[in-house]
Amino acid sequence: MELSRPRGTRDFLFEEMKQRKQVEATLKKVFETYAYEEIKTPLFENLSLFTMKSGEEIVDQLYNFKDKSDREITLRPELTAPVARLYMNEMQKSPKPIKMYYYGSCFRYERPQKGRYRQFWQFGCEMIGGKTPEADAEIIAMASQSLEELNLQGYEIHVGHLGILRGLLKEADVEGPDQDQIMALIDKGELEELQNYLKTVNIDEDTAHVLLMIIEMKGGSEVLEKVREKVSDKKLVIEALDEFSHLIDTLNDFGIDNIGDHENNNVVINLGIARGLDYYSGMVFEIYVPRLGAQKQICGGGTYNLVEIFGGEKVESTGFAFGFDRLMNALMHDKKDEKPVPTIEVFVAPISDSTRNKSFQIAQQLRKAGIPTEVDLARKKFKKLLSYADRLGANKVILVGERDLKEGNVTIKNMETGKQDSVQADKVLEHILDGR
RNA sequence: GCCGGGGUGGGGUAGGUGGUUAUCCUACGGGACUGUGGAUCCCGCGACUCGGGUUCGAAUCUCGGCCCCGGCCCCA
């Protein structure tokens with residue numbers, strides 16, 4: 001049977017969509033209170049947009065194809081490049097900073113696993129042209145508030161700064177591919193390989209020692225002071241440290257304090273955060289939910305100069321994205337047994353064929369007042385109507401029967417208590433609104 | 001791309017050393033029952049992931065594909 005879904009894709013049914021929509025709405029609300037505005041870019045782009053940024057190797061992870069005019073097209077694998085493209089195309093001369101957010105699906109041709117699908121959703125933002133420590137602080141504060149409003153339990157925001165690591169390497173004359181390779185090993189957490197690699201590059205022992213120490217450091221602002229002592233003669237590192245300290249101080253003003261204090265806060269300084277991508281330059285952060293194991297990272301971001309790669313005027317940007325599916329995974333982990341919220345509030349049940357017209361009139365009246373209402377369309381027999389209404393989760397059932405109607409009445413049954421009221425047919429709306 | 005575990009009605013399952021009509025729960029349809037039966041009882045519907053092999057006979061053994069789950073690689 002060829003009616004199956006393509007590998008790595010999912011269908012979302014009613015309950016799951018309700019949950020996803022609710023999370024989406026919460027994130028939109030938070031982002032908008034930070035003055036971000038929504039954008040939407042195409043689901044597919046020219047292949048070159050992504051190869052320009054990441055090289056030809058990424059093609060085997062893409063859903064790419066030729067269109068009927070032989071253009072090389074690909075389904076987008078991520079959203080930062082399209083957003084940068086949008087900026088280049090139509091926003092270069094807009095006043096900075098530009099704050100925008102997006103929500104949409106991306107596609108990668110990969111081996112599907114838990115929390116990893118071939119179509120997946122990202123919810124993220126970019127602030128273009130606002131590279132200051134205070135801009136970085138605001139972004140972290142917004143990510144934090146998002147998770148607070150979603151009531152996510154047990155997450156950790158790890159913040160690092162690539163200027164410290166890259167500065168240290170540059171002072172030791174390690175640049176170019178060697179530097180990128182070292183950053184990649186740090187990102188993966190391959191300590192042994194990192195040590196071996198350091199032996200093969202021309203780096204003095206003292207710097208190598210300091211580097212290995214730094215990437216292990218986690219905690220509060222005392223971490224930065226410890227590093228400062230070790231690198232007092234290295235100008236680039238000191239500059240980055242100053243910037244990072246400023247960021248941490250500003251975070252206080254944005255309402256995030258006690259950094260590194262696990263009892264009271266979720267933000268921790270982690271100088272081992274490297275992010276695999278070469279174009280990240282300054283602050284970087286990742287958010288983990290440790291109980292999710294292999295899929296614990298639900299968010300990543302930082303400061304980069306992607307626009308420069310595309311040949312525009314140099315503009316620093318800062319952005320991050322939630323892996324929406326993993327975020328849902330983390331949220332549902334906590335509240336599995338919550339009972340589903342019904343969509344409809346009122347069910348209108350015609351007891352006999354002659355009362356159908358009246359039933360439709362009542363249903364429309366309620367719907368125009370914004371009350372989610374279902375009315376029998378299947379000509380079900382009366383005895384099935386109550387059971388059907390029950391299954392829909394209706395709070396109230398309006399029984400429209402001939403006997404009642406002769407006196408101008410209908411019966412409103414409260415499905416929770418079983419209590420019934422006889423109500424004038426033209427007063428149904430008031431009665432429902434009262435009982436809310 | 002690699003390693004391992006799986007796939008039985010719409011959902012959840014039993015059976016598995018080959019052998020009658022493939023078990024149970026639930027959901028769904030109908031009836032008992034033409035205004036309160038949201039219950040109960042009865043009846044019905046509906047499945048061995050696909051293809052090849054072994055065999056008189058395969059849900060069961062075997063090989064391959066597809067898909068799912070877990071782990072690795074990767075994760076722009």
Side-chain angles (χ1 to χ4, degrees), chain A residues 1-11 13 15 45 47-64 74-84 106-118 120 122 124 180 184 187-188 190 275-280 286 292-298 300-302 304 306 309 319 321 323 325-326 347 349-355 378-406 409-422:
Chain A
M1 183 171 76
E2 254 324 307
L3 284 178
S4 54
R5 257 175 288 135
R7 183 167 158 83
T9 62
R10 290 159 293 165
D11 294 315
L13 271 50
E15 272 321 304
E45 294 271 2
L47 179 66
S48 58
L49 176 65
F50 300 102
T51 52
M52 195 185 295
K53 177 180 156 214
S54 320
E56 293 292 331
E57 320 83 74
I58 66 154
V59 173
D60 44 293
Q61 292 170 62
L62 296 179
Y63 274 95
N64 63 311
T74 186
L75 299 182
R76 62 190 184 194
E78 46 109 4
L79 280 158
T80 45
V83 170
C106 301
F107 303 82
R108 294 184 191 181
Y109 192 88
E110 291 187 296
R111 168 87 172 71
Q113 270 176 58
K114 192 174 179 64
R116 273 174 80 166
Y117 305 95
R118 289 185 169 183
F120 60 97
Q122 287 196 338
D180 289 341
D187 180 46
K188 285 187 204 167
E190 302 270 6
R275 306 286 293 157
L277 311 172
D278 300 345
Y279 54 78
Y280 280 101
E286 297 181 344
L292 297 183
Q295 306 83 39
K296 67 177 181 176
Q297 191 188 326
I298 59 165
Y304 59 91
L306 183 58
I309 296 173
D325 306 284
R326 288 190 183 181
F347 186 84
I351 290 173
S352 59
D353 286 337
S354 66
T355 61
R379 301 186 182 178
K380 284 184 196 295
K381 290 177 185 167
F382 175 70
K383 62 196 166 191
K384 295 286 175 191
L385 286 174
L386 280 177
S387 115
Y388 183 66
D390 181 46
R391 217 197 48 208
L392 289 178
N395 300 328
K396 303 266 174 61
V397 171
I398 300 176
L399 304 170
V400 187
E402 278 177 28
R403 268 185 234 161
D404 286 351
L405 271 187
K406 270 180 199 154
N409 291 338
V410 297
T411 299
I412 299 184
K413 185 178 180 89
N414 182 319
M415 294 299 272
E416 268 168 53
T417 61
K419 207 171 144 261
Q420 299 192 166
D421 294 315
S422 191

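Lettering of chains follows the sequences in order, A, B, ..., and the numbering in each one begins at 1.
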For this session: Please state whether the phosphate of rC28(B), meaning OP1 or OP2, lies under 4.0 angstrom from any side-chain nitrogen or oxygen of Arg391(A).
Result: yes
Exercise. So what does Gly8(A) hit on the nucleic acid, given a heavy-atom distance under 4.0 Å: a base, only sugar-phosphate, or nothing?
Worked result: sugar-phosphate
Seminar exercise, completed: Only one of Lys114(A), Gln122(A), Arg10(A), Arg116(A) passes side-chain hydrogen bond (donor to acceptor under 3.5 Å, both in side chains) with Asp325(A), and that residue is Arg10(A)
Problem set entry | Dot-bracket summary - RNA chain B, pairs being Watson-Crick or G-U whose distances fall under 3.5 Å, with | when paired to another strand | (((((((..(((......[....))).(((((.......)))))....(((((..]....))))))))))))....
Exercise. Rounded to the nearest Å, what distance is computed from the CZ atom of residue Arg118(A) to the C1' atom of nucleotide rC68(B)?
Worked result: 13 Å
Exercise. What nucleotide, of rG30(B), rU36(B), rC67(B), holds the atom closest to the side chain of Arg7(A)?
Worked result: rC67(B)
Exercise. Near Tyr109(A) OH, under 6.0 Å, is it more than 12 heavy atoms from other residues, nucleotides or ligands?
Worked result: no
For this session: Mind listing the residues from residues 382-390 of chain A sitting with a heavy atom below 4.0 Å of RNA chain B? Number order is fine.
Result: Phe382(A), Lys383(A), Leu386(A), Ser387(A), Asp390(A)
Exercise. Are Thr80(A) and Tyr304(A) close enough, and set up right, to give a side-chain contact (heavy atoms from CB on, under 4.5 Å), and what steps lead you there?
Worked result: CA-CA 10 Å; Thr80(A) 45; Tyr304(A) 59 91; 4.1 Å; yes
Problem set entry | Rounded distance (Å) that lies between atom C1' of rG29(B) and atom NZ of Lys381(A) | 11 Å
Problem set entry | Integer-rounded Å distance: rC67(B) P and Tyr117(A) OH | 16 Å
Exercise. Which part of the nucleic acid does Asp353(A) contact within heavy-atom distance under 4.0 Å: base, sugar-phosphate only, or nothing?
Worked result: nothing
Problem set entry | Atom-to-atom span, CD of Glu15(A) to P of rG11(B) - whole angstrom | 18 Å
Problem set entry | Leu405(A) CG - rG35(B) C1' separation (whole Å) | 12 Å
Exercise. Arg403(A) side chain: which of rG29(B), rC68(B), rG35(B) is closest?
Worked result: rG35(B)
Exercise. Which value, in whole Å, describes the distance between the C1' atoms of nucleotides rU54(B) and rC61(B)?
Worked result: 8 Å
Exercise. Roughly, in whole Å, what's the span from CD1 in Ile351(A) to C1' in rU36(B)?
Worked result: 8 Å
Between the protein and nucleotides 40-47 of chain B, which nitrogen or oxygen pairs are less than 3.5 angstrom apart?
none

Exercise. Listed by chain and number, what are the side-chain hydrogen bond (donor to acceptor under 3.5 Å, both in side chains) partners of Thr411(A), not counting sequence neighbours?
Worked result: Asp404(A)
Seminar exercise, completed: Hits for side chain to side chain contact (heavy atoms under 4.5 Å, CB included) against Ile351(A), two or more places apart or cross-chain, chain-then-number order -> Phe382(A), Leu399(A)
Would you list the protein and nucleotides 71-75 of chain B atom pairs, both N or O, that sit under 3.5 Å from each other?
| unit_1 | atom_1 | unit_2 | atom_2 | d |
| --- | --- | --- | --- | --- |
| rC72(B) | N4 | Gln113(A) | NE2 | 3.2 |
| rC73(B) | N4 | Gln113(A) | NE2 | 3.3 |
| rC73(B) | N4 | Arg116(A) | NH1 | 3.3 |
| rC74(B) | OP1 | Lys188(A) | NZ | 3.0 |
| rC74(B) | O2 | Glu110(A) | OE2 | 3.2 |
| rC74(B) | O2 | Arg116(A) | NH2 | 2.6 |
| rC74(B) | N3 | Arg116(A) | NH1 | 2.7 |
| rC74(B) | N3 | Arg116(A) | NH2 | 3.1 |
| rC74(B) | N4 | Arg116(A) | NH1 | 3.3 |
| rC75(B) | O2' | Arg108(A) | NH1 | 2.4 |

